[in-house]
Amino acid sequence: MADYDVHEIEAKWQRVWDDAGAALVGEPDPTKPKSYVVAMWPYPSGTLHMGHVLVYTVGDVLTRFRKRQGMEVLHPIGFDSFGLPAENAAIREGGHPRDIVERNIETITQSMRRMGWAFDWSRLISAHQPTYYVWDQWLFLQLYEAGLIYRKGSPVKWCPQDQVVLANEQVHDGRCEYCGAEVEAKNLEQWFVRQTAYAQELLDGLDELDWAEKIKTMQRNWIGRSEGAEIQFRIDELEDDVAVFTTRPDTLYGATFFVVAPEHPLVETLSERSPNGEEIRAYVRRAAAKRGEERMAAEEKTGVFTGFFATNPVTEARIPIWVADYVLMDYGTGAIMAVPAHDDRDREFAETFDLPIVPVIDEDGKLIDSAQFTGLPFEDAKKAIVAWLAERGRAKETISYRLRDWGFSRQRYWGSPIPIVYCDTCGTVPVPYEDLPVLLPLDLEDFRPRGVAPLAAHESFMNVDCPQCGARAKREPETMDTFIDSSWYFLRYTDPKNADMPWRQELADYWNPVDQYIGGIDHTTMHMIYARVVIKALADLGHIGFREPFRAFFTNGWVNLGGTKMSKSKGNVIGPEQLLDEYGADVSRLNILHLGPATEDMEWTDEGVEGMLRFTRRLWRIVNEVAASSSRDTPPVNELSRKAHQTIAKVTDDLGRRQSFHTAISAVIELLNELSRAGASDPAARFAAETAVSLIQPYAPHIAEELWVALGHEKLWEAPWPVADEPQLTRDTFELVVQVNGKVRDRFEVDAGLSEEELVARATASEKVQTHLDGATVRRTIVVPRKLVNFVVG
RNA sequence: GCCGGGGUGGCGAAACUGGUCAGACGCGCCCGACUUAAAAUCGGGUGACCCUCGGGUCAUGCGGGUUCGAGUCCCGCUCCCGGCACCA
């Protein structure tokens with residue numbers, strides 16, 4: 001028997017597969033069912049870690065399994081090479097982001113190839129290449145023309161001393177982290193995707209998707225639908241109406257005051273006319289400088305009375321208008337009717353400022369002190385009160401979503417430039433399609449983030465002629481969020497080299513939706529929402545013929561070390577390189593999937609890897625023994641052949657329906673154990689060995705291929721997936737369990753063909769059973785065919 | 001607070017539709033074989049307690065229930081993990 005030289009064998013088969021183009025997919029073969037398997041593309045910010053090993057091994061196992069089941073499988077890879085992780089790596093390590101990213105891509109690609117992951121390398125894409133991001137810009141223009149991208153002022157934290165935008169983390173106690181100056185709020189014009197337009201469809205679409213309930217729940221929470229009503233309150237002094245959003249119109253009679261957010265447009269008018277206008281303005285400034293978390297963490301509610309009153313539309317009572325930062329401008333209407341008796345936050349505020357608290361619902365959930373609505377159950381009252389107000393034009397039923405529009409412009413360098421030119425005469429002008437791409441200049445000296453877009457300092461980039469009037473104009477210096485890149489990359493994989501258009505629709509429509517998407521749970525509420533939004537928008541624009549990107553989503557757990565997720569920023573990374581050097585790809589792949597359920601978080605340990613090493617060595621030894629000595633005759637039906645067929649059924653089900661990757665490995669180990677006990681002389685030994693090798697191939701493709709040849713075959717990667725022989729799954733005898741009062745008292749083999757009466761007779765005949773039946777009356781006998789007989793006595 | 005997922009040996013876990021003494025498979029540990037020795041490999045053992053060595057009793061977070069039979073279904077509790085959250 002030849003030695004098991006891992007490195008030589010693995011390198012050999014990787015060469016063979018490369019030469020054979022085993023992972024490449026050309027024009028689709030319409031006679032085969034298709035399967036599109038995509039594992040989330042990585043940030044090339046460093047090297048691979050065990051989390052990557054998990055994600056891509058899951059994808060590879062499914063790919064190899066589905067191919068052998070006769071499907072046409074597309075399994076591509078690319079790099080999410082724009083954005084902060086790459087840029088920060090460049091800043092940390094020195095050098096240009098592009099150089100760092102391209103070096104990392106080179107390194108990671110080498111590791112990926114060593115792992116034996118069967119990607120279609122001919123379709124490799126990277127977000128930072130102009131051939132990719134030109135289509136980000138195309139996408140931008142498409143959505144911009146459709147009104148799905150817009151620009152609006154959005155409040156940011158601004159340091160007046162340093163003249164920069166501050167991230168929330170850079171604000172401490174309302175002061176700039178660097179210079180200590182008091183932080184101000186400033187409206188910064190930013191670009192948004194109008195994703196709220198799809199809020200309801202995003203919610204409804206979840207029902208159709210094969211995603212874990214946990215993931216759907218996270219998206220539902222994030223979208224945050226609330227049914228309620230918009231109610232108009234009159235402000236007599238201003239001769240104006242102000243709308244509030246409430247989910248509890250039934251409590252309207254208990255509304256004792258009125259609160260607007262500090263950012264509410266009404267506040268400016270109020271502070272101009274109010275005697276304590278200065279106090280209001282000071283409060284608004286302080287609130288604006290506070291971070292969201294600071295607002296929340298505040299021990300006591302704060303606010304200022306404006307001196308104005310709003311009229312409750314049902315009671316005609318005049319209730320005081322306050323400005324308070326516990327009301328948020330970007331939810332509902334930015335104004336609320338406060339019902340301190342039935343809302344914890346309103347009560348807290350009322351207690352702090354000594355405002356009246358009027359209960360309007362009793363313990364039975366019925367309305368009290370609510371005029372003609374008194375006595376109604378509160379659910380009915382919601383409808384009744386809104387209906388009454390609607391007749392008078394003072395309210396309407398509405399739905400609010402927590403989901404916000406997606407602000408995607410970044411004051412950073414390493415991203416796709418936004419294809420917009422600002423002209424003094426023409427205003428905001430989109431760059432014409434024929435002028436794309438707007439190339440990101442690579443000769444920028446200083447690209448570190450300072451709160452202003454670094455590109456603004458690049459003269460030759462910034463100064464352009466207006467595409468409309470030809471006058472001197474300025475480019476948009478901000479770049480796109482990297483989530484734009486990742487919102488459509490799975491479309492580009494289907495037509496990666498197309499220079500004329502982002503994809504041919506027939507190709508994108510053929511492969512999509514992605515049949516199996518694989519990735520971490522951390523992308524659930526950002527990337528997985530953005531991609532769904534972009535796909536819906538592209539469908540509305542007629543560029544694709546489907547509305548959901550990911551039909552099924554396999555959520556892999558995190559690989560932890562010392563209790564926290566492995567990541568470069570935490571410095572607790574263990575990469576596959578040392579495992580590859582020591583054990584090779586097959587063992588590394590088996591190990592990561594045998595650690596536990598791939599959907600659960602797992603603690604990295606390198607102890608278990610020894611178990612998989614032993615397994616591959618035993619497989620090598622036993623299969624070689626069988627290959628050398630066992631008969632090639634058609635195997636008989638015996639215990640071992642039955643075990644082999646059961647294992648085929650189990651592994652097929654685990655890889656197909658259940659996606660339970662660790663139990664499939666266990667099943668093959670069981671088969672090997674049984675083969676080992678039976679020995680090479682068993683007449684079914686060769687069949688059992690072939691089955692074990694064939695079933696483990698998706699996990700350990702290199703050793704499987706080598707052993708397949710030893711067994712006298714070739715090209716296992718193309719061999720049809722084995723099919724279990726149904727008759728051998730059911731045995732002609734079974735172990736009958738005999739219970740007395742539900743406790744097992746005996747068990748023995750019986751013929752499977754026995755009738756219920758015969759089973760009872762055999763059970764009764766058992767001596768062990770008799771000792772427990774002794775003297776008692778059998779009141780009932782339960783027979784479960786092919787399983788057990790249970791005597792109920794007493 | 002609202003929503004979701006969980007709690008099984010020393011450890012990772014399995015038990016898929018209520019039915020084979022619950023714990024497959026792997027790790028770890030113990031014993032044995034081989035060896036001058038070790039590694040590797042091979043064989044055996046490994047939930048707890050009791051024990052006359054045949055077995056007995058208890059055991060899937062806690063307490064109840066349904067059932068001939070419950071890790072699995074129902075009710076209540078408890079603890080852990082995750083999501084959302086001054087969202088009106």
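Since we're looking at a predicted model, the values are computed, not measured. Residue numbers start from 1 in every chain, and the chains themselves are labelled A, B, ... in the order their sequence lines are given, proteins ahead of strands.
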A.B. asks: My understanding is that a pair needs two contacts under 3.5 Å, Watson-Crick or G-U wobble. By that rule, which nucleotide pairs with G43(B)?
C.D. replies: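 In the structure as shown, G43(B) has C31(B) as its Watson-Crick or wobble partner.
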A.B. asks: When you measure from the side-chain N and O atoms of Arg220(A) to the phosphate of C2(B), is any distance below 4.0 Å, counting only OP1 and OP2?
C.D. replies: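 For C2(B), OP1/OP2 do not have a side-chain N/O of Arg220(A) under 4.0 Å.
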A.B. asks: Below 4.5 Å, heavy atoms only, C-beta onward: do Lys382(A) and Thr247(A) meet side chain to side chain?
C.D. replies: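 They are not in side-chain contact.
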A.B. asks: Once you apply the 3.5 Å cut-off to both distances, tell me the Watson-Crick or G-U wobble partner of A88(B), or none.
C.D. replies: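 Its partner: none found.
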A.B. asks: Taking atom P in both G32(B) and A37(B), what distance in whole Å separates the two?
C.D. replies: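 Rounded to whole Å, the distance is 13 Å.
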A.B. asks: Check every atom of G19(B), G26(B), A88(B) against the side chain of His594(A) and return the nucleotide holding the closest atom.
C.D. replies: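 Minimum distance to the His594(A) side chain belongs to G26(B).
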A.B. asks: From the options G69(B), U41(B), C86(B), select the nucleotide whose nearest atom is closest to the side chain of Leu328(A).
C.D. replies: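 Nucleotide nearest to Leu328(A)'s side chain: C86(B).
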A.B. asks: What distance, rounded to whole Å, do you find between the two P atoms, one in A48(B) and one in G64(B)?
C.D. replies: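 Result for the P pair: 26 Å, nearest Å.
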A.B. asks: Expressed in angstrom and rounded to an integer, what is the separation of Ile622(A) atom CD1 from U41(B) atom P?
C.D. replies: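 One finds 12 Å between P of U41(B) and CD1 of Ile622(A), rounded.
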A.B. asks: Tell me: CG of Asp653(A) to P of A14(B), nearest whole Å?
C.D. replies: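 So the CG-P distance, Asp653(A) to A14(B), works out to 15 Å.
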A.B. asks: Indicate, with a heavy-atom threshold strictly under 4.0 Å, whether Asp330(A) touches base, sugar-phosphate, or nothing.
C.D. replies: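 No contact at all - Asp330(A) keeps every heavy atom at 4.0 Å or more from the nucleic acid.
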A.B. asks: Quick one: look up who G63(B) pairs with, Watson-Crick or G-U, both distances under 3.5 Å, and put none if it's unpaired.
C.D. replies: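 G63(B) is paired, partner C75(B).
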A.B. asks: Whether Arg225(A) contacts C84(B) is assessed here as follows: a side-chain N or O lying under 4.0 Å from the phosphate OP1 or OP2. Is that the case?
C.D. replies: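 For C84(B), neither OP1 nor OP2 has a side-chain N or O of Arg225(A) closer than 4.0 Å.
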A.B. asks: Should we count CD of Glu610(A) as having more than 12 external heavy atoms under 6.0 Å?
C.D. replies: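 Atom CD in Glu610(A) is crowded, with more than 12 foreign heavy atoms closer than 6.0 Å.
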A.B. asks: Can a donor-acceptor pair be found, under 3.5 Å and without considering hydrogens, that links the side chain of Thr251(A) to the backbone of Arg248(A)?
C.D. replies: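 Yes, the answer is positive, given that a donor and an acceptor are paired below the 3.5 Å cut-off.
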A.B. asks: Taking the P atom in each of G19(B) and C74(B), what is the distance between them to the nearest angstrom?
C.D. replies: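 Pairwise P distance, G19(B) against C74(B), rounds to 15 Å.
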A.B. asks: Looking at the side chain of Arg621(A), which of U41(B), A15(B), C86(B) is the nearest nucleotide?
C.D. replies: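 Within the option list, the nearest is U41(B).
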A.B. asks: Which of the following nucleotides, C68(B), A88(B), C25(B), is nearest to the side chain of Asp343(A)?
C.D. replies: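 The listed nucleotide nearest to Asp343(A)'s side chain is A88(B).
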A.B. asks: State whether the side chain of Thr311(A) and the backbone N or O of Pro313(A) hold a donor-acceptor pair below 3.5 Å, judged by distance alone.
C.D. replies: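 No, the answer is negative, given that no donor and acceptor are paired below the 3.5 Å cut-off.
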A.B. asks: Among A13(B), C68(B), G4(B), which nucleotide sits nearest the side chain of Thr217(A)?
C.D. replies: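 For Thr217(A), the side-chain atoms sit closest to G4(B).
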A.B. asks: I need the CD-C1' distance between Glu600(A) and C81(B), as an integer number of Å.
C.D. replies: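 In whole Å, C81(B) C1' lies 10 Å from Glu600(A) CD.
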A.B. asks: Distance between the C1' atoms of C79(B) and G26(B), in whole angstroms?
C.D. replies: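 Looking at atom C1' only, C79(B) and G26(B) are 29 Å apart.
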A.B. asks: Using heavy atoms to find the nearest nucleotide of RNA chain B for Gly596(A) and Arg677(A) separately, return the residue whose nucleotide is more 5′.
C.D. replies: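 The 5'-side residue here is Gly596(A).
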A.B. asks: Verify the contact: side-chain N or O of Thr605(A) to OP1 or OP2 of G28(B), cut-off strictly under 4.0 Å; return yes or no.
C.D. replies: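 Looking at the OP1 and OP2 atoms of G28(B), neither is under 4.0 Å from any side-chain N or O of Thr605(A).
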A.B. asks: Going by purine N1 to pyrimidine N3 plus the second Watson-Crick contact, or the G-U wobble pair, all under 3.5 Å, which nucleotide sits opposite G4(B)?
C.D. replies: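 In the structure as shown, G4(B) has C81(B) as its Watson-Crick or wobble partner.
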A.B. asks: Can you tell me the pairing partner of A22(B) across any strand shown, Watson-Crick or G-U wobble, with both distances under 3.5 angstrom?
C.D. replies: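 No nucleotide pairs with A22(B).
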A.B. asks: Hey, can you tell me if Phe553(A) and Trp211(A) have their rings parallel, tilted or perpendicular (30° and 60° cut-offs)?
C.D. replies: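 Perpendicular.
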A.B. asks: For the side chain of Val737(A), counting heavy atoms from C-beta on, which of A88(B), G19(B), U20(B) is nearest?
C.D. replies: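 When the side chain of Val737(A) is considered, U20(B) is the closest of A88(B), G19(B), U20(B).
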A.B. asks: With nearest nucleotides of RNA chain B determined for Gln739(A) and Thr333(A) from heavy-atom distances, which residue corresponds to the more 5′ nucleotide?
C.D. replies: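 The residue mapped nearer the 5' terminus is Gln739(A).
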A.B. asks: Just checking, Lys301(A) and Tyr326(A): is the charged tip under 6.0 Å from the six-membered ring centre and within 45° of the axis?
C.D. replies: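 Ring-cation test returns yes.
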A.B. asks: With rounding to whole Å, what would you report as the distance between U60(B) and U72(B) at their P atoms?
C.D. replies: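 The same atom, P, in both gives a distance of 9 Å.
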A.B. asks: How far, in whole Å, is G44(B) from C25(B) if one measures between their P atoms?
C.D. replies: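 Pairwise P distance, C25(B) against G44(B), rounds to 11 Å.
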A.B. asks: Taking the side chain of Arg617(A) as heavy atoms from C-beta outward, which of C84(B), U41(B), A88(B) is closest to it?
C.D. replies: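 Out of C84(B), U41(B), A88(B), the nucleotide with an atom closest to Arg617(A)'s side chain is U41(B).
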A.B. asks: Give a yes or no on whether the backbone of Thr302(A) and the side-chain of Tyr283(A) come within a donor-acceptor separation of less than 3.5 Å.
C.D. replies: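 It does hold such a pair.
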A.B. asks: Under 4.0 Å, counting only non-hydrogen atoms across every strand here, what does Leu595(A) touch: a base, just sugar-phosphate, or nothing?
C.D. replies: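 Sugar-phosphate only.
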A.B. asks: Looking at Ser226(A), does any N or O in its side chain come under 4.0 Å of the phosphate oxygens OP1/OP2 on A88(B)?
C.D. replies: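 Checking Ser226(A) against A88(B): at least one side-chain N or O falls below 4.0 Å of OP1 or OP2.
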A.B. asks: Roughly how far apart, to the nearest Å, are G61(B) and G12(B) at atom P?
C.D. replies: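 Their P atoms lie roughly 14 Å apart.
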A.B. asks: Which nucleotide wins on minimum distance to the side chain of Arg614(A), given the candidates A24(B), C16(B), G28(B)?
C.D. replies: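 Given the options A24(B), C16(B), G28(B), the side chain of Arg614(A) is closest to G28(B).
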A.B. asks: It should be established whether Arg658(A) places a side-chain nitrogen or oxygen under 4.0 Å from OP1 or OP2 of nucleotide C16(B).
C.D. replies: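 So the side chain of Arg658(A) is outside the cut-off, no N or O lying under 4.0 Å from OP1 or OP2 of C16(B).
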A.B. asks: I want to know whether Phe554(A) and Phe661(A) have ring centres closer than 6.0 Å.
C.D. replies: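 For Phe554(A) and Phe661(A), the ring centres are under 6.0 Å apart.
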A.B. asks: When the P atoms of U8(B) and A14(B) are compared, how many Å lie between them, rounded to an integer?
C.D. replies: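 Those two atoms are separated by 11 Å.
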A.B. asks: Using the six-membered ring wherever Trp is involved, compare the ring planes of Trp322(A) and Phe349(A) and label them parallel, tilted or perpendicular (cut-offs 30° and 60°).
C.D. replies: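 Because their plane-to-plane angle is over 60°, the rings of Trp322(A) and Phe349(A) count as perpendicular.
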A.B. asks: Look at all strands and tell whether Ile336(A) reaches a base, only sugar-phosphate, or nothing, counting heavy atoms closer than 4.0 Å.
C.D. replies: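 Contact class for Ile336(A): base.
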A.B. asks: Output the rounded distance in Å from CD (Glu213(A)) to C1' (G4(B)).
C.D. replies: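 Answer to the nearest Å: 8 Å.
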A.B. asks: For G9(B), measure the glycosidic angle (O4'-C1'-N9-C4 for a purine, O4'-C1'-N1-C2 for a pyrimidine) and name it syn if it falls within 90° of 0, otherwise anti.
C.D. replies: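 Because its glycosidic torsion lies within 90° of 0, G9(B) adopts the syn conformation.
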A.B. asks: Across the strands shown, which category fits Arg657(A) at heavy-atom distances under 4.0 angstrom: base, sugar-phosphate, nothing?
C.D. replies: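 Answer is base: heavy atoms of Arg657(A) come under 4.0 Å of a base.
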A.B. asks: For the pair made of CZ in Phe615(A) and C1' in U41(B), what is the distance, rounded to whole Å?
C.D. replies: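 Roughly 17 Å, once rounded to whole Å.
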A.B. asks: Round to a whole Å and report the spacing from CG of Asn673(A) to C1' of U41(B).
C.D. replies: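 Rounded to whole Å, this separation is 15 Å.
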A.B. asks: In whole angstrom, give the distance that lies between atom OH of Tyr4(A) and atom P of A40(B).
C.D. replies: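 Checked: the OH to P distance equals 17 Å.
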A.B. asks: When you get a sec, tell me which of C16(B), A13(B), A88(B) is the closest nucleotide to the side chain of Pro597(A)?
C.D. replies: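 Side chain of Pro597(A) sits closest to A13(B).
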A.B. asks: If we call it a pair only when both distances are under 3.5 Å in a Watson-Crick or G-U wobble match, what pairs with A48(B)?
C.D. replies: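 For A48(B), the partner nucleotide comes out as U57(B), under the 3.5 Å rule.
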A.B. asks: Could you state the CG-C1' distance from Asn591(A) to G12(B), rounded to the nearest angstrom?
C.D. replies: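 Whole-Å distance recorded here is 11 Å.
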A.B. asks: Can you figure out which of G4(B), G19(B), A88(B) approaches the side chain of Lys214(A) most closely?
C.D. replies: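 Between G4(B), G19(B), A88(B), the one nearest the side chain of Lys214(A) would be G4(B).
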A.B. asks: Please evaluate the base of C84(B) for a donor-acceptor partner in the side chain of Asn221(A) within a cut-off of under 3.5 Å?
C.D. replies: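 Not at all, since no donor on one side and acceptor on the other fall under 3.5 Å apart.
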